[in-house]
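Chain letters run A, B, ... following the sequence lines, proteins first and then strands; every chain starts at 1. Here the structure is a predicted model, which is why all the values come from computation and not from measurement.
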2 protein chains.
Amino acid sequence: MAKIDDVARLAGVSKGTVSNVFSQKRPTSKKVTEKVLQISKELNYVPNHIARSLVTKKTMAIGLTIPHGKFFFSVFHNQFINGVILEASNYGYRVLLDMIAAEEVKTPSLASYPIDGAIVLGPTEEDDRINLLYQNEIPFVTIGKIINKGLQGVSTVNNDNKQVIRDICDYLLGLGHRNIMFLNAGEQMTVSIERTEEFVRVLQEHGVMIQPGMIHYKPGIHSDKYIKYGYDETLHSVKNHTERPTAIIADDDRTAFSALNAINDAGLRVPEDISLFVICGDQSMMHQVRPSLTGMDLQPSELGVQSVRLLMHKLGILEGSYENNRIVPSKIIERNSCSSIQN
Amino acid sequence: MAKIDDVARLAGVSKGTVSNVFSQKRPTSKKVTEKVLQISKELNYVPNHIARSLVTKKTMAIGLTIPHGKFFFSVFHNQFINGVILEASNYGYRVLLDMIAAEEVKTPSLASYPIDGAIVLGPTEEDDRINLLYQNEIPFVTIGKIINKGLQGVSTVNNDNKQVIRDICDYLLGLGHRNIMFLNAGEQMTVSIERTEEFVRVLQEHGVMIQPGMIHYKPGIHSDKYIKYGYDETLHSVKNHTERPTAIIADDDRTAFSALNAINDAGLRVPEDISLFVICGDQSMMHQVRPSLTGMDLQPSELGVQSVRLLMHKLGILEGSYENNRIVPSKIIERNSCSSIQN
DNA sequence: CTGAAAGCGCTTACAG
DNA sequence: CTGAAAGCGCTTACAG
C-alpha cells in the first residue's frame, strides 16, 4: 500500500500538504489539491487510519457493548443497533461490537480499547463493563437506568418505564379491566423493578387489590422455563374461572404468543374472553399475527439514535448543552387483541 | 493515561521489556514480570492498542459489512452476527459493524479501513463493497455466492441453496403435493436465482409442469408491497378452486404469516387444506405460532462461525489447508403446518 | 498557502 | 533474558 511519503514525493509537495488535502484541516491551493488527488488515485493511496488515530487520539469508532451470552439479540436490540449504526455514520463514526466477557474484565492484559466512547446495553448493578470503561476514562452512555452511587456524570438514555406501565394500565382500566395479569421481564432487571412498582401503584390508585399470582417474572435465559415463559402462568390463572384475569400484559411478543397459546388451549379467545397487551415486540410481527396484537411502541431505533447523539455530546463532537438523561417517548399502537370488558 | 515509558521508568526496565511482559512474545524473568505488572496496575496502565497496531499491522478487528438500508436486520442476520461475534472473540478479534454506503465508495477520501479482514453479508453482483475491499487488499469472505469473474481466490460460506430447495420439494412431493406455490426472495438476489432453477428442475423431474403464477419474488425493500408480500399472491391463487396450490413454500417467517392470513381469510386451513413450509425463519417463533410452522433450519449462527474460521485461515491465524468454499448443512424441522394430501 | 521536523506510543531486529 | 535505537505512517505546532 502506498503511503503518504510516496504521494508527497511524486506530487512534489511535503507530507504535511498531502495530509491537509485529505483532512481538509488547512486550506490547500486548487492546483496542489488536484495534483495530490491525482497522484493518490494513481497510487491507490488512502490515509492510514491507524497512524492517524495515533496522533489525533481519535479512533472514530464507538463501542457497543452487549451483555455476554448466547441469545442476546432480540428484535428490540436489532432495531436499537440499527438506529445506532445509522446515526453514528452521520458523524463519520463506526460501531465496534463488543461483548466484554467476565474473564476479560479480570485479565485486562489486553490493549486499551480502540474506541472513543461506548454505549452500554442492558447495564446491571455492579456492572464490570461500566467499571472498566470508567477506569479507562472512556465516555459512555448506558441504555436503561444504572444504579451506581460511585460514578459521576453517568449518561443514560431510556424509555420512561413507569410512564409506560401507567399508560398501559390506564388503557386497560379504561376498557373496564380490573383483573390484570402481568408477565414481567426478568426479576433482577432494573426495568422490571420499576414496572412492578408502578403497576402496583396505579392499580391501587384505582382501588384494585394486588392478588398473589398476578405478577410473574421471566426465568433466566439458561433456565429451561425460559422458552415457554407465559404459557404455564397463563394456563394456570385462566383455569380459575371465578378469578381469572380479563387482561394480560406480556413483556415481549414471544411471551405474548405463549399466553395466546395457553388461552386458546383453554378454549378461550383473544380478545373476546381475555385481552392481551404486548410491551415490547416486533411491530410488524404483531401486526401480522391473528389476532393482531395491541402493544407499546418503545421506539428502539430512536433509543439508538438518541444514545449516539448523547455520546457525541460527551465526546465534544456535538456542541451545545445537553441533558444527561434522555427519555424516549413511547406510544400505544391499538390493534385487535384488546377489547372492553363485557358485563 | 500512563504510557509504556512511565512503566519502564518506574519499574527500572526498558520499554522493550515492558512490551514483552504484555505481549509475551519474548520470555521475561519472573522477577521482572511481576515488577512490571505491579507498576502497571498502580499506574492503571494498559498498552495502547492503536500504537501497537501501527507497528504490528494488525488491528485485531474484522469488519462485518452489511447492506445499506434501513431494515437490514432480520432474525437470520441476528443469529448470524451472534455466531460471528462469538467465534471472533475466540481468536481475540473484535467485530466492526460496517455499513458501506454507496456514497462512501465513491468518495474514498476516508482513511483506510482499520480492519484485518471482512465478512460481506448479502453480496450482490457488481458489489462496490467487494471491489473496495479488493482494492485495499483486505482479505474477505462473502456469505452467499458471488458472481464476479475478475476476482481471484474469493472465499465463500453458504448454505447449499439448491440442496435446500431439493430437500423441500422432495419433502412436499413425498406428502403427495403436486401443485406447489413458491414465494421466493427478491428477484435480483443470487440465492433466488439458484432456488428457482432448482425448484423448476426438481418439479420437472417429477413430471410437474410449472404454471404461471407458481413462482413469486419478494418486492424491493422500499416498495409498499414489501411488507405484505405473500398475502395477495396467496389469496389470488387460493381463490382459484380448480387449480389452487396444495402447498406453499415461503421465503421467510413473515412471508409465511402473510400467506397464513390469506389462507385463513379465504376460509381455508393450514395444514388441512394447504401446507405451508418456511425456508428461513426464527425457529422459536415458528415453534410458538399456531399452527407451528414446519421449515428449514439454515443454521445462521453456524454460518457466522464458519465464515470467521475461513477468514482466520486467510489471515494466517488458523493454520492448515482449507476449502475456499464452505457449505453449512441445513435440515428440515417438522412441525404442524404440512400434511400429506388428502385424495 | 507550504515545508521541515518533532512526536504520537508502541514493537522489533540487532547486539549483548 | 534485557537494552538502545530505529521505525510504523501519519498530524501538528512552528516558521515562513
Fill in: Whole-angstrom distance between C:dG9 and C:dA13, as gauged at atom P
23 Å
Item to complete: Sticking with atom P, work out how far D:dA6 lies from D:dT2, rounded to a whole angstrom.
Response: 23 Å
Any heavy-atom pair between the side chains of [Y] and [X] that's under 4.5 Å?
{"X": "A:V308", "Y": "A:Y93", "answer": "no"}
{"X": "A:L97", "Y": "B:L96", "answer": "no"}
{"X": "B:S53", "Y": "B:M60", "answer": "no"}

Practice prompt. Begin with the C-alpha distance, continue with both residues' side-chain angles, and end with the deciding distance and a verdict on side-chain hydrogen bond (donor to acceptor under 3.5 Å, both in side chains) for A:N82 and A:S301.
Written response: CA-CA 6 Å; A:N82 224 327; A:S301 171; over 6 Å; no
Worksheet item: Do the rings of A:F22 and A:Y45 sit parallel, tilted or perpendicular, given the 30° and 60° boundaries?
Response: perpendicular
Worksheet item: Do A:D6 side-chain atoms and A:A2 backbone N/O form a donor-acceptor pair below 3.5 Å?
Response: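 Judged by distance alone, no pair lies under 3.5 Å.
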Worksheet item: Quick one, which residues of residues 6-19 of chain A touch DNA chain D with a heavy atom under 4.0 Å?
Response: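 Those residues are A:K15, A:G16, A:S19.
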Fill in: Identified side-chain contact (heavy atoms from CB on, under 4.5 Å) partner of B:F140 from the options B:T65, B:I130, B:I119
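Option passing the side-chain contact (heavy atoms from CB on, under 4.5 Å) with B:F140: B:I130.
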Worksheet entry | Sequence neighbours excluded - salt bridge (Lys or Arg N to Asp or Glu O under 4.0 Å) pairs with any residue from residues 303-313 of chain A |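 Listed once each, the pairs are A:E87-A:R309.
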Worksheet item: Nearest 0.5 Å, what's the CZ-OG distance between B:R52 and B:S19?
Response: 7.0 Å
Worksheet item: So how far is it from A:L318 CG to A:H313 NE2, rounded to the nearest 0.5 Å?
Response: 4.0 Å
Worksheet entry | Derivation of the side-chain hydrogen bond (donor to acceptor under 3.5 Å, both in side chains) call for A:Q38 and A:E42 | CA-CA 6 Å; A:Q38 180 215 323; A:E42 283 172 18; 2.7 Å; yes
Discussion item. Tell me which residues in residues 23-41 of chain B lie within less than 4.0 Å of DNA chain C, going by non-hydrogen atoms.
Written reply: B:K25, B:R26
Worksheet item: Which residue lies toward the 5' end of DNA chain C, A:A51 or A:N20, if each is placed at its nearest nucleotide?
Response: A:N20
Fill in: Residue among A:N20, A:T28, A:T17 satisfying side-chain hydrogen bond (donor to acceptor under 3.5 Å, both in side chains) with A:T33
A:T28
Discussion item. Both atom distances under 3.5 Å, Watson-Crick or G-U wobble: I'd like the secondary structure of DNA chain D as a dot-bracket string, with | for pairs made across strands.
Written reply: |||.||||||||.|||
Fill in: Span of DNA chain C, from the first to the last nucleotide whose atoms fall under 4.0 Å of chain B heavy atoms
C:dG9 to C:dC14
Fill in: A:R326: partners by salt bridge (Lys or Arg N to Asp or Glu O under 4.0 Å), with sequence neighbours left out
none
